[in-house]
> 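Below you'll find the structure I mean.
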Amino acid sequence: MTTTERGERITDEASEGGLPPDIELALAEYLEGISSGSPLLDCLWGELYGAINANLWAGNITAERAERLRKRYLFNYGDRDGTNRFQRL
């Protein structure tokens, strides 16, 4: 479970289980990078994107799950309150 800087709880995909370990690690690092305002966020984004793709092509996750992960974490330009979460960093 991750929280935003405003203290809101975010249930992330990793907490639901069933993700390959490299995606779980990349996702945890990416979410930490967002919450800490990391200057390496673009690198963390690329790590998560690569982990999703590698596991898709290896047959470890379905295309639907890969697309859901991409939409939820990588191409989510607006969050629950309709604002871009990167604008708050």
Side-chain angles (χ1 to χ4, degrees):
M1 179 91 54
T2 305
T3 57
T4 65
E5 61 189 15
R6 293 179 289 188
E8 299 166 330
R9 291 175 20 164
I10 300 171
T11 304
D12 51 64
E13 190 96 11
S15 67
E16 297 171 14
L19 285 176
D22 56 331
I23 294 179
E24 286 187 14
L25 177 62
L27 180 56
E29 290 174 346
Y30 179 66
L31 293 174
E32 176 62 31
I34 290 172
S35 66
S36 69
S38 173
L40 302 174
L41 197 55
D42 59 332
C43 299
L44 297 170
W45 187 97
E47 288 291 322
L48 179 55
Y49 187 81
I52 292 168
N53 287 344
N55 280 279
L56 171 63
W57 293 111
N60 298 330
I61 60 172
T62 65
E64 292 80 19
R65 191 155 199 200
E67 186 62 23
R68 189 172 61 246
L69 287 166
R70 287 186 200 110
K71 282 182 180 178
R72 185 167 188 178
Y73 297 105
L74 301 176
F75 300 110
N76 180 12
Y77 297 111
D79 58 18
R80 290 185 198 137
D81 64 0
T83 60
N84 185 334
R85 64 181 165 194
F86 297 111
Q87 292 174 348
R88 293 193 304 262
L89 295 178

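Everything numeric here is computed off the predicted structure, so don't read it as measured data. Count residues from 1 along the sequence. Both backbone and side-chain heavy atoms feed into the values below; hydrogens, waters and symmetry mates do not.
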> Give, for atom CG of N55 and atom CG of L19, the distance between the pair rounded to the nearest 0.5 Å.
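One gets 8.5 Å once the value is rounded to the nearest 0.5 Å.
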> Residues two or more places apart in sequence or in another chain: which of them pass salt bridge (Lys or Arg N to Asp or Glu O under 4.0 Å) with E29?
none
> Within the distance-only criterion (no hydrogens, no angle test), does the side chain of Y49 pair as donor or acceptor with the backbone N or O of R70 below 3.5 angstrom?
no
> Under 4.5 Å between side-chain heavy atoms, counting indirect links through other Ile/Leu/Val/Met/Phe/Trp/Tyr residues: same cluster for L31 and L74 or not?
yes
> When rounded to the nearest 0.5 angstrom, what is the spacing between CG in D22 and CG in N60?
7.5 Å
> Any chance you could measure E47, atom CD, to I52, atom CD1, to the nearest 0.5 Å?
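If we round to the nearest 0.5 Å, E47:CD and I52:CD1 are 11.5 Å apart.
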> Taking all non-hydrogen atoms of both residues into account, name the closest pair between L41 and G33 and its distance.
CD1-C, 3.9 Å
> I need the L48 CG to C43 SG distance, nearest 0.5 Å.
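Between atom CG of L48 and atom SG of C43 there are 13.0 Å.
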> Would you name the heavy atoms of L44 and S38 that are closest together and state the gap between them?
CD1-OG, 4.2 Å
> Can you tell me how far apart CG (L56) and CD1 (I61) are? Round to the nearest 0.5 Å.
5.5 Å
> Any donor and acceptor pair, going by atom type alone, linking the side chain of W45 with main-chain N or O of Y30 inside 3.5 Å?
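Pair absent, no side-chain N/O of W45 close to backbone of Y30.
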